[in-house]
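Below is one structure, written out as structure tokens, with a few remarks after it.
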Amino acid sequence: MQYWLFKSEPDSFSFDRLEREGRTEWSGVRNYQARNFMKEMKLGDLGFFYHSSTKIPAIVGIVKVVREAYPDFTARQRGGDYFDPKSTEANPIWEMVDVAVESRLPRPVTLAELRENALLAPTMVLLRKGSRLSVQPVHKRDWDIVKKIAQTPAPQ
DNA sequence: GCCAACGTTGGC
DNA sequence: GCCAACGTTGGC
């Protein structure tokens, strides 16, 4: 059982929308490191759902992996946003997983709060300077800390 | 809107 | 194989 973090821009795909739809294909990842992490994912693994590129970036919910890695067909949709001419049926290159809503956190845990936490700061990939990975692993220790924070009252 | 950090591309 | 140029990400 491993823990992960998925970034999404709420303007393009929010946690609200995932709650309405129940589950989704995590397609469109075009970074090899992120893809490789998706290939490591197992059914039942959990991940934080993080809202990026928004006013208050924050972890807002938890998702569960409900289908392990399989070829990302959007790479072969000519004219689509995620088309990649290098991807073929024999060698799809890009992969995706399916995730479903697990739960919403009692409250969002903001990036600012995560940064302030002395235990998380050195270990969370999200907090590394210049980190842009859209799919990343989370240590169990860090997972537990974030869940604890979410159960405390929001600052101010 | 700015800009630092990063990944990828392509010339050599 | 190096590295400059470029495009993208994402916080602020």
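Here is the naming used below: chain letters follow the sequence lines, and residue numbers restart at 1 for every chain.
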What protein N or O atoms touch nucleotides 9-12 of chain C N or O atoms at under 3.5 angstrom, if any, and at what distances?
{"residue": "dG10(C)", "atom": "OP1", "partner": "K7(A)", "partner atom": "NZ", "Å": "2.8"}
{"residue": "dG10(C)", "atom": "OP1", "partner": "R132(A)", "partner atom": "O", "Å": "2.9"}
{"residue": "dG11(C)", "atom": "OP1", "partner": "Y50(A)", "partner atom": "OH", "Å": "2.6"}
{"residue": "dG11(C)", "atom": "OP2", "partner": "S53(A)", "partner atom": "N", "Å": "2.8"}

task: Look at the rings of F13(A) and F49(A) and say which category their plane angle falls in: under 30° parallel, 30 to 60° tilted, over 60° perpendicular.
output: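 If you compare the ring of F13(A) with that of F49(A), the planes turn out tilted.
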Measure from [atom1] on [X] to [atom2] on [N] and round the result to the nearest Å.
X       : N      : atom1 : atom2 : value
R128(A) : dG7(B) : CZ    : C1'   : 15 Å
Q33(A)  : dG7(B) : CD    : C1'   : 10 Å
Y82(A)  : dT8(C) : OH    : C1'   : 13 Å

query: If every non-hydrogen atom of P92(A) is compared with every non-hydrogen atom of S87(A), which pair is closest and at what distance?
result: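 Looking at all heavy atoms of both residues, the closest pair is O-OG, 2.7 Å.
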task: Would you list the pairs meeting side-chain hydrogen bond (donor to acceptor under 3.5 Å, both in side chains) in which at least one residue belongs to residues 28-43 of chain A, sequence neighbours left out?
output: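 Pairs touching residues 28-43 of chain A that pass the test: R30(A)-D72(A), R30(A)-T74(A).
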- prompt: Is the side chain of Q77(A) donor-acceptor paired with the backbone N or O of F83(A) at a distance under 3.5 Å, no angle test?
  reply: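 Absent.
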message: Using the ring-ring contact (aromatic ring centres under 6.0 Å, His included) criterion, which residues pair with F48(A)? Sequence neighbours excluded.
response: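 ring-ring contact (aromatic ring centres under 6.0 Å, His included) list for F48(A), sorted by chain: W143(A).
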